[in-house]
Protein chains: 2
Amino acid sequence: MVDVATLAGVSLKTVSRVVNNTPNVQPELVERVLAAVAELGFRRNHLASSLRSGQTTATIGLLIEEIANPFYAAIAGAAAEVARRHDTMLIIASSEEDPAREQQLLRDMCARRVDGLLVVPAGHDHSFLRAEVELGTPMVFLDRPPGGVLADTVLLDNRGGARAGVGRLVEAGHRRIAILLDSIGVYTMRERLDGAQDALAPTGAPYDTRLVREGIRDPAAASRVVAELLDQPDPPTAFFSMNNRITLGVVEELCRRGSDAALVGFDDFDLARLMPYPLTVIAYDTRELARTAAELLFRRIEGDRSWPRTVVLPTELVERGVPPR
Amino acid sequence: MVDVATLAGVSLKTVSRVVNNTPNVQPELVERVLAAVAELGFRRNHLASSLRSGQTTATIGLLIEEIANPFYAAIAGAAAEVARRHDTMLIIASSEEDPAREQQLLRDMCARRVDGLLVVPAGHDHSFLRAEVELGTPMVFLDRPPGGVLADTVLLDNRGGARAGVGRLVEAGHRRIAILLDSIGVYTMRERLDGAQDALAPTGAPYDTRLVREGIRDPAAASRVVAELLDQPDPPTAFFSMNNRITLGVVEELCRRGSDAALVGFDDFDLARLMPYPLTVIAYDTRELARTAAELLFRRIEGDRSWPRTVVLPTELVERGVPPR
DNA sequence: ATGAAAGCGCTAACAG
DNA sequence: CTGTTAGCGCTTTCAT
């Protein structure tokens, strides 16, 4: 900047004014400065400017589990769009579901003085962020609630969605309904399981724990569990899958066998219409989830100091056919 | 840091040493400093440290078209993984295929003094980056070559892949092969078209421009084009689709009609096995593309000053059946 | 409307 | 092993 000022024959401060589009600079000087900027290939150092001015880095951080996963990619896309409207850059980091890594990444983002944080929690204890929150760094949690810190949270109606999905199977006459889920350690899975039980309770059907299978991490595992369940003496007549990876494996195995068991899955599919199986699902708007969270965050960044709130977004039962019992 | 130093009764510099894990500090002092850090909730300002030390911000920028797109999400995932291994944060920005926006974003990233840039080009002229390159900011282009600037580039063998795909259709006896593509303005599409023509040329079949359809932006448009082509007096017996959005629309329309036309598509699908149609595709390793680019970038960041190179990654014909003519 | 001086929070260079 | 001093590139404050 000193070089530019020298070349343009003005003071350093005038260069700063021109570079920042401050009004009240003589057009002639503006031109001279701009010429010098071009000639020297000057590029403003954003770090230095936000170091001195102190308030904003025009950057927010997004912490997710894994960017290659379509769910998180959708979140990142919606967050990026909102960030863009606020002329803000987005730092994206993946926790890989590792709480230690989550903590390290969040600390690092804070050290970079992001203006705010959008977090899909991996761990259950976020009290280490309390100091940061008190220091005034806004943060919004999404998809899962934080632990040990009071902050804005945007969630899906997991319980209501699962209740509706299993309810639909009950309505179709099913009583032996297998429930397939990933780790019970994850908040969303616990909520969905509660919802499933809400729907099952009024039927008076005995709650058969052998029909609830936990720890299914991928489609292949889901296929194996389905095979095992169908080979039992008293097989289930319907399946409730708690995420789309599992649903995929269930579809594969049901098709392989030409089974007429019913299936309802949590999470919608891009290609559901082309599936060789009527796929009724519980859908929700992932982008809306992220958009809501990001907009809440920017409201905070712009100075909103109201009490933290929790927003719950609805889910929708997308009916594509449910074979009766 | 001054406060921490005062509280711990040491100099500012000692605090700096402790915070940076510099060896050769008395354990006792380390402890006192750490206690003060904890008590005051001190968090090192990463911006200030990289402003002064000047060399590295431990940040790289990734410019893509749109993060929610699975192709770019895969790229982002692989890049994030390499960045992570180098303890580097990733700023991701989406150009939305707008060259003006691309330029603005890249300039902004440079202003933030990223250590390097990973770019999937949207525009055709990147000469505005030349000053930046000369100033020593490493950058690697991927999926498409840059224009007007010499830099490392990692590409797929688009031409070879298309040649193999269309070649497979020719081998199955097809001569009237419809070719469906997105915008001809995109490098990858032009390359793939060249490859298709490579395969068609030796057959001596007249090159029928009515069978080459450009400007297909989404599955619905692809379905419409397929319908139109099949309703012609002399319909094609095979389709070559140049990306997976198009392939999807082709599959839908072929299924709807129960057509036995052959189909080969560029880009693989997650759910190809479950498709109601034998889907032979040209596959490639998207993550490998990004990994290669990111590793090249870090080699540059670490000081490699060798002449820029271009790497071309192979594609693979994944055979899932091709109906003969 | 323009400029001079101070300083953001940190690290480099050099002493002690 | 520890401290002092200067200064990264910019913006703020206050003068002119």
Side-chain angles (χ1 to χ4, degrees), chain A residues 1-34 36-37 40-59 107-115 131-132 135-137, chain B residues 1-34 36-37 40-59 107-115 131-132 135-137:
Chain A
M1 229 175 197
V2 176
D3 297 345
V4 174
T6 311
L7 180 61
V10 296
S11 81
L12 192 159
K13 177 64 215 183
T14 300
V15 177
S16 169
R17 286 194 177 99
V18 172
V19 166
N20 290 297
N21 288 315
T22 310
N24 303 336
V25 180
Q26 279 193 22
E28 188 205 314
L29 290 190
V30 173
E31 208 143 305
R32 259 162 50 200
V33 169
L34 256 26
V37 163
L40 291 151
F42 169 81
R43 322 158 300 155
R44 176 152 159 282
N45 185 328
H46 190 271
L47 277 69
S49 84
S50 47
L51 173 60
R52 178 63 240 232
S53 71
Q55 293 325 298
T56 164
T57 52
T59 312
R107 281 187 194 283
D108 190 345
M109 286 176 167
C110 290
R112 283 155 197 267
R113 296 299 189 270
V114 291
D115 297 334
E132 202 62 44
L135 230 134
T137 307
Chain B
M1 230 175 198
V2 176
D3 297 345
V4 174
T6 311
L7 181 61
V10 297
S11 82
L12 192 159
K13 179 66 214 182
T14 300
V15 176
S16 170
R17 287 195 176 98
V18 172
V19 166
N20 291 296
N21 289 315
T22 310
N24 303 336
V25 180
Q26 279 194 21
E28 188 204 314
L29 289 189
V30 173
E31 208 143 304
R32 256 158 57 196
V33 169
L34 256 25
V37 163
L40 285 117
F42 168 81
R43 321 157 301 156
R44 175 152 158 281
N45 185 328
H46 190 271
L47 277 69
S49 85
S50 47
L51 173 60
R52 176 64 241 233
S53 70
Q55 294 325 300
T56 163
T57 53
T59 313
R107 281 187 193 283
D108 190 346
M109 286 175 166
C110 291
R112 283 156 197 269
R113 296 298 189 274
V114 292
D115 297 335
E132 203 62 44
L135 230 134
T137 307

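Note that this is a predicted model, so its numbers are computed, not measured. To find a chain, count down the sequence lines: A is the first, B the second, and so on, and within it residues start at 1.
Listed by chain and residue number, A:R112 satisfy the side chain to side chain donor-acceptor pair (under 3.5 Å) test with A:D108 (two or more places apart in sequence, or in another chain). Checked against side chain to side chain contact (heavy atoms under 4.5 Å, CB included), B:L135 has the following partners two or more places apart in sequence or in another chain: A:R43. For A:S49, the side chain to side chain donor-acceptor pair (under 3.5 Å) partners are A:R44, not counting sequence neighbours. Legend: residues meeting side chain to side chain contact (heavy atoms under 4.5 Å, CB included) with B:A36, ordered by chain and number and at least two apart, are B:V4, B:L7, B:A8, B:L40. Annotation: side chain to side chain contact (heavy atoms under 4.5 Å, CB included) contacts of A:R107 (sequence neighbours excluded): A:Q103, A:F128. Residues forming a side chain to side chain donor-acceptor pair (under 3.5 Å) with B:T56 (at least two apart in sequence, or on another chain): B:D115. Every residue was checked against the side chain to side chain donor-acceptor pair (under 3.5 Å) condition with B:S53, not counting sequence neighbours, and none meets it.
Residues A:V25 and A:V33 form no side-chain contact, since every pair of their non-hydrogen atoms from C-beta on lies 4.5 Å or further apart.
The salt bridge (charged side-chain N to carboxylate O under 4.0 Å, His left out) contacts involving residues 7-29 of chain A comprise A:E28-A:R32, where partners must be two or more places apart or lie in separate chains.
Considering every non-hydrogen atom in both B:V18 and B:V30, the closest pair reads CG2-CA, 4.0 Å.
Taking a heavy-atom distance under 4.0 Å as the criterion, the stretch of DNA chain D touched by chain B extends 5' to 3' from D:dC1 to D:dG9.
The CG atom of A:L29 sits 9 Å away from the C1' atom of C:dA1 (whole-angstrom rounding).
Inter-axis angle, ends of the helix from C:dA1-D:dT16 to C:dG16-D:dC1, five pairs per end, rounded to 10 degrees: 30°.
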Annotated protein contacts, base or backbone, on nucleotides 10-16 of chain C with a non-hydrogen cut-off under 4.0 Å, one of B, S, - each: BBBB---
